[in-house]
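All remarks here apply to the structure that follows.
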Amino acid sequence: MISVYNTLTRSKEPLRPIVEGQVSIYVCGVTPYDHAHIGHARPAVVWDAIKRHLRRRGYVVRHVQNFTDIDDKLIRRAAETGESVEAVAARYMAEYQEAMAALGVIPPDFMPRVTDNLSAIIDFVGQLVARDFAYARDGDVYFRVGRMADYGKLSGRDREELRAGARVEPQENKEDPQDFALWKRASADEPGWESPWGRGRPGWHIECSVMSSRYLGPRFDLHGGGIDLVFPHHENEIAQSEAYYGHPSVNVWVHNGLVTLSSVKMSKSLGNGVELLDLLRHYQATALRTYLLSVHYRTPIEFSFEALQDWQTGLGRLQAMWQEVQALGPSSALVGGEWLEDLWGFERRFLAALDDDFNTARAFAECFELVREARRVRAQGGQAAAVAGYLTKVGLAAANEILGFLAPQPGPAADFGSERQEVPTWVSMLLAVRQQARQAGQYEWADRVREALREAGWGIEDGRTESRAIPLRPSRPTQEA
RNA sequence: GGCGGCGUAGCCAAGCGGUAAGGCGAGGGUCUGCAAAACCCUUAUUCCCCGGUUCGAAUCCGGGCGUCGCCUCCA
């Protein structure tokens, strides 16, 4: 039984799909007006893991994630660069998808865009107006929040408090400061679509109500997004959809914690090393992906290069074990002991962790314990080692199906660990001479060469029979002052 | 000011009523000419503070303090 934390009820609930054996998911996507950054990757990676786990548990999953390809920020950006809104959106949508592919994210089954859903949006708004849930004023259309008695139920606000706190500047045209725009009049130089209320564009919230129901039906199982979207976005979405359908649309509201960036002086201006394509140049794609899964999805992550680096280091142990066992096959040896049951039980424990509100942090802990136990048994050698190795391979493969920490993903980022940087001739020649010196016992000279190479950016590892040169690189992007 | 999180070893982080997962780091060890790499072992009598409930609390309740998010565009 899978349990999921529902923001609406503030408790974990058993997952009870509307249609037996199927799970429908809608996740709020991005507005492609700037580079994709680490914060955008979290919901994508988290939902990717959730989806893979649901599939592993036998559900047929239908997953929709939108692009908000028309909005004020996009219009502003287009004005700055002198491009069309479509061109700006297309560029950043492509970048986003490139980054997601590198992170091993299975694309959603549908990625609807607002601009492809205009007539449905206009119809939806028209219905709300016709039924008095909304009103038009000078080409704008507003939702009448006062019509919804339980407005505020998701975010735990009540209308009186909202009014008292009223930071919402009363807009001239609104009947009530809490009313929000379903449709916004477009000025002559802005993109717009013809509608019964004149030329305009959709408000921010309406798209999700329309597209979720269009692709998943008037009721669906899970609605995701960042915790920052709870108010006003999801609150308003609930108001619209429930006004339209007369019943709740969403079974379970699932919100991921944010990636906060205070330590890297994050602002919307970016350019500080947290852009995904930039990060992917300096860290393993698998490390970046799983760093976001190393913490429970509802816990906020205070991003730091150090924490990411530490995680990558630890992940290397899992990857090293995989390298060691991936060629092993089943054994005919009949061996066993307590360790056999431990290794055998891995997948059960791993999946149980994920059943519990998708606890990827605990799932990873199981992986590390699997590897440690396997190391212990393998150190003893013999048939037990072969059997333990094979079981570990099976376990890691199963875990990797969901968490995705092994296969380096194709993409702009060469995988840090697997990349074979070309060793220059002068280095290999020096290494060869040094090897002879070592065999002759001239260690003092050999040590000096090692030191000199280190300063030149090459680390030397002396093995039993040969020495290797490893490129030393900065482990993270240099930060601008 | 209102609403919602969070505060667990040097750092990151699970656990959310039954007696502290996991990772990094650190210390010790195996291997090695040494070093590195790799691997093994060790590393919180205790969970921000003060009260309370309970046979029993990191976990529940009340009150503080700190911190983050939202209330305006944000994943």
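Proteins get letters first, then strands, A, B, ... in listed order; numbering begins at 1 in each. Keep in mind that what you see is a predicted model, and the values were worked out from it rather than measured.
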Does [X] reach a base, just sugar-phosphate, or nothing at all? Heavy atoms under 4.0 Å.
X	value
A:Arg42	nothing
A:Glu369	sugar-phosphate
A:Gly39	base
A:Val230	nothing
A:Val27	nothing
A:Gly441	nothing
A:Leu229	sugar-phosphate

Watson-Crick or G-U wobble partner for [N], using a 3.5 Å limit on both distances?
N	value
B:U43	B:G25
B:U30	B:A38
B:C6	B:G66
B:G1	B:C71
B:A58	none

Between [N] and [M], how far apart are the two [atom1] atoms, rounded to whole Å?
N	M	atom1	result
B:C31	B:G15	C1'	37 Å
B:U46	B:U19	C1'	11 Å
B:U30	B:U67	C1'	44 Å
B:G17	B:G56	C1'	8 Å
B:A20	B:C34	C1'	41 Å
B:A13	B:C68	P	14 Å
B:C60	B:C47	C1'	16 Å
B:C12	B:C48	P	14 Å

Q | Position toward the 5' end of RNA chain B (nearest nucleotide), A:Ala379 or A:Pro43 | A | A:Ala379

**Q.** Nearest-nucleotide comparison on RNA chain B, the residue closer to the 5′ end among A:Leu315 and A:Arg438
**A.** A:Leu315

Would you call [X] and [Y] a side-chain contact if the rule is heavy atoms closer than 4.5 Å?
X	Y	value
A:Leu277	A:His35	no
A:Asn6	A:Arg10	no
A:Cys28	A:Cys208	yes

Find the distance [X]:[atom1] to [N]:[atom2] and express it as a whole number of Å.
X	N	atom1	atom2	answer
A:Ile460	B:G33	CD1	P	17 Å
A:Asp447	B:G33	CG	P	12 Å
A:Ile470	B:A38	CD1	P	10 Å
A:Tyr92	B:C73	OH	P	21 Å
A:Leu8	B:G5	CG	C1'	17 Å
A:Gln312	B:C24	CD	P	13 Å
A:Ile227	B:C3	CD1	P	16 Å
A:His233	B:C71	NE2	P	13 Å

Q. Looking at A:Phe110, does the NZ or CZ of A:Arg62 lie under 6.0 angstrom from its six-membered ring centre and within 45 degrees of the ring axis?
A. no

(Q) Could you check whether A:Lys73 makes a cation-pi contact with A:Tyr33, meaning its NZ or CZ is under 6.0 Å from the centre of the six-membered ring and within 45° of the ring axis? (A) yes

Pick out the pairs of N or O atoms, protein on one side and nucleotides 10-14 of chain B on the other, that lie under 3.5 Å.
unit_1: B:A14; atom_1: OP1; unit_2: A:His296; atom_2: N; d: 2.9
unit_1: B:A14; atom_1: OP1; unit_2: A:Thr299; atom_2: OG1; d: 3.0
unit_1: B:A14; atom_1: O3'; unit_2: A:Asn359; atom_2: ND2; d: 3.0

Which nucleotide sits closest to the side chain of [X]: [options]?
X	options	result
A:Glu461	B:A37, B:C71, B:C24	B:A37
A:Arg372	B:G33, B:C3, B:C40	B:C40
A:Thr31	B:G33, B:A75, B:G69	B:A75
A:Pro232	B:C40, B:A75, B:C71	B:C71

Q. Which class fits the ring pair A:Phe231 and A:Tyr151: parallel under 30°, tilted 30 to 60°, perpendicular over 60°?
A. perpendicular

Q) Counting only heavy atoms not in A:Glu80, do more than 12 sit closer than 6.0 Å to its CD atom? A) yes

Q: Kindly check if the number of other-residue, nucleotide or ligand heavy atoms within 6.0 Å of CH2 (A:Trp344) is above 12?
A: no

Q) According to the 5.5 Å centroid and 30° plane-angle thresholds, does A:Phe368 stack upon the nucleobase of B:G22? A) no

Report yes if a donor N or O on one partner sits less than 3.5 Å from an acceptor N or O on the other, where the partners are the side chain of [X] and the base of [N]; otherwise report no.
X	N	value
A:Asp71	B:C73	no
A:Arg450	B:C34	yes
A:Asp228	B:G4	no

Q) Is there a donor in the side chain of A:Asp71 and an acceptor in the side chain of A:Thr31, or the other way round, less than 3.5 Å apart? A) no

(Q) Just by distance, no angles: are the side chains of A:Gln284 and A:Gln319 close enough, under 3.5 Å, to form a donor-acceptor pair? (A) yes

Q. Between A:Arg298 and B:C6, is there a side-chain N or O to OP1/OP2 distance below 4.0 Å?
A. no

Q.
Just to verify, what does A:Thr68 make a side chain to side chain donor-acceptor pair (under 3.5 Å) with, not counting sequence neighbours?
A. A:Asn66, A:Glu207

